[in-house]
Number of protein chains: 2
Amino acid sequence: MYHITIKDIARQLNVSVSTVSRAFNNKSDIKKETKELILHTAKKMGYKPNPIAKKLIERRSYNIGLVVPEFVNPFFSQVSIGVQEVLAKKGYQLLITQSNESYETELLNVKNLENSMVDGIIMSLTRETDNTLYYKELIQQGLPIVFFNRVPEKLNATKVIFNDYKWAFFATEHLIQQGCKNIVHLKGISASQTISSERSRGYKDAMKKHKLSLNQNQIISTGFTINDGKRVAELMIKNNQIPDGIFAINDDVAIGAMTVFKTHGYKIPKDIAFVGFTESKIAPIMEPPLTSVIQPTCEIGIEVAKLIIHQIENENNYTPQTITLNGQLNIRASSLRNI
Amino acid sequence: MYHITIKDIARQLNVSVSTVSRAFNNKSDIKKETKELILHTAKKMGYKPNPIAKKLIERRSYNIGLVVPEFVNPFFSQVSIGVQEVLAKKGYQLLITQSNESYETELLNVKNLENSMVDGIIMSLTRETDNTLYYKELIQQGLPIVFFNRVPEKLNATKVIFNDYKWAFFATEHLIQQGCKNIVHLKGISASQTISSERSRGYKDAMKKHKLSLNQNQIISTGFTINDGKRVAELMIKNNQIPDGIFAINDDVAIGAMTVFKTHGYKIPKDIAFVGFTESKIAPIMEPPLTSVIQPTCEIGIEVAKLIIHQIENENNYTPQTITLNGQLNIRASSLRNI
DNA sequence: TTGTATGCGTTATCAG
DNA sequence: CTGATAACGCATACAA
């Protein structure tokens, strides 16, 4: 693959490289005819400006790194679509990496991106990420970073988050309004995760507001997968602790639990009403269709991308901010008791 | 963000840049002590080599472009994981673009990648892509390209495909072995798509082999989404054309159709047995769980990545090849009649 | 209006 | 063993 350069064009036309350069960046004055001639022959010769050379001069890579926990999770691929959309328009390229829910890999990814001289990093932490010291240092060094979704609680950084508390509250309240009295919350795992704790906080406050009894057994640390949901449901059945409503940390857990309860003869939503979180593709086709909180995935991506660009282009003149986005409760049959 | 360069180190240590450079590329001889001193102070100063400068010299971007129809489809995100894995190890970066099933966007993406001076392109065509002339030209110009999944039938290029024919044949034969006599195939749309036509060819041949009647009504051009599946099922019910087995172009179509038939009181698999294709996350948790052909998504990615690297590194000395990968039929309750 | 020279950060080729 | 210098492709300040 031989690439045509401005030198080739200059030689061909017996002009200097600077003239050719000028023709492309309609800056300094250049005779209209020469310009047109150059542009024309450039096109004919199949010239494409070498972005690498430009980047070297501008001392910027126009690359932005993205670090997500796992790409199989549609949430993150959807966010990345939003990110791409904005970045592409602005001439940036996105380098996508995934940390497979491993802090070690996450750190490695970030360091690799640094070595790639990205202009900024967009990231969502793994579930096990506890130590955010390195990211703090990066911020202090002046590297633009935007966190989203799974964000470091203690760091003063730019963040885009979802109002987990509010929507967990609404979701729980919805179950209560459907007549549920004994609602169990299937929670994530680590208490350090903002998301898990915010959602369970919303659950608790809704229970309190409506003066429903709330004991330790009603919040169960489950995990995040379909199998986690299944496992917990089996345990609940074995212990004969059957609630009349379940608010799950996410759709996968809800689906897993629902499946098990169904095969054991429980009627949904009559015996147990279900609400999930972070609407998945499966929710609407479950039987019964699963009520879930939908997050504005694409908007999150768009917002994140705008923020990182803003931060890059106003390097010395920006203050960390946290943007909180809203969602929607998609009410479906799994929680509708038609009281 | 000020970046330390070898110049900074040279100045700091009162040596020349070439000495510093030598210290990093343990090539030419350099006094052990100076080398160690340089390496040490470089680390202390937080030096990171500028990959852009290196790329300029090497006249290579070490970027590889990926063009997929849509990233929401987990198939493609899974493939991309495999691709990433291999490329990252070899020091390449992946630029991911998606064409949203639009030929126009696809072409735009490819051209953008060209302008980014990618060293090669990995792509899967959109469903509407018909004209592959431009890609032919690119290949002739010597740009390494590897196609996968949705590949241009007529182009002599490197391709990684799945044995759609074979597994469609097996899937259909499985239904026949379960006692189905009147099997309908829910096909994609465009006849020009290798995948759709290969799968329906497999279906037809299996029917022929087992001497089952096969008329035009048994192959229905459906589409690719859950709603397409629903729509067709409703039509079949309305026309009272109820088969005893359905082999769908993909899981989404199977799921859509299955849902409708179920709500109309049909028993799965007793009344109608179902087989999907390209195992989705939903398949195992459907009720009944959906039999499907699983594709080795990650392996496809790995294979594709290896091929593009091979092509890049042996630019003048490679011949286009087509690699066909195998899958597996995950038999589940949706097709098991326990005869 | 155009050409010359310099520099972006690095490597490579020569001299020394 | 080390230093000076040219080159990668392009942009730009300055000179003509």
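Not measured: the values here are computed from a predicted model. In what follows, every chain begins at residue 1, and chains take the letters A, B, ... in the order their sequences are listed.
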Whole angstrom is fine here: how far is it from [atom1] in [X] over to [atom2] in [N]?
X      : N       : atom1 : atom2 : answer
R59(B) : dG9(C)  : CZ    : P     : 21 Å
I9(B)  : dG3(D)  : CD1   : P     : 14 Å
N25(B) : dG9(C)  : CG    : P     : 17 Å
E58(A) : dA11(D) : CD    : C1'   : 10 Å
L56(A) : dT10(C) : CG    : C1'   : 8 Å
I57(B) : dG9(D)  : CD1   : P     : 11 Å
K54(A) : dC8(D)  : NZ    : P     : 18 Å
F24(A) : dT12(D) : CZ    : P     : 14 Å

Of the options [options], whose atoms approach the side-chain atoms of [X] most closely?
X      : options                   : value
R22(A) : dT1(C), dT11(C), dG3(C)   : dG3(C)
N50(A) : dT11(C), dA11(D), dC10(D) : dC10(D)
T5(B)  : dC8(C), dT10(C), dT2(C)   : dT10(C)
Y47(B) : dT10(C), dC8(C), dT12(D)  : dT10(C)

What does K7(A) touch in the nucleic acid at a heavy-atom separation under 4.0 angstrom: a base, only the sugar-phosphate, or nothing?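 Result for K7(A) = sugar-phosphate.
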Considering every strand and a 4.0 Å limit on heavy-atom distances, what is the contact class for V15(B): base, sugar-phosphate, or nothing?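 If one applies the 4.0 Å heavy-atom cut-off, V15(B) turns out to touch the sugar-phosphate alone, with no base involved.
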Think T19(B) has a side-chain N or O under 4.0 angstrom from the OP1 or OP2 of dG3(D)? yes
Please figure out whether T34(B) or A53(B) has its closest DNA chain D nucleotide nearer the 5' end.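 Per heavy-atom nearest nucleotide, the more 5' residue is T34(B).
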Would you find a donor on one side and an acceptor on the other, under 3.5 Å apart, between the side chain of K35(B) and the backbone of R22(B)?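 Absent.
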Between E313(B) and R60(B), is the closest basic N to carboxylate O distance under 4.0 Å?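 Not counted as a salt bridge, because no side-chain N and carboxylate O are separated by less than 4.0 Å.
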Please check if any side-chain donor atom of S16(B) sits under 3.5 Å from a side-chain acceptor atom of T19(B), or the reverse.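 There is such a pair (donor and acceptor under 3.5 Å, judged by atom type) between the side chains of S16(B) and T19(B).
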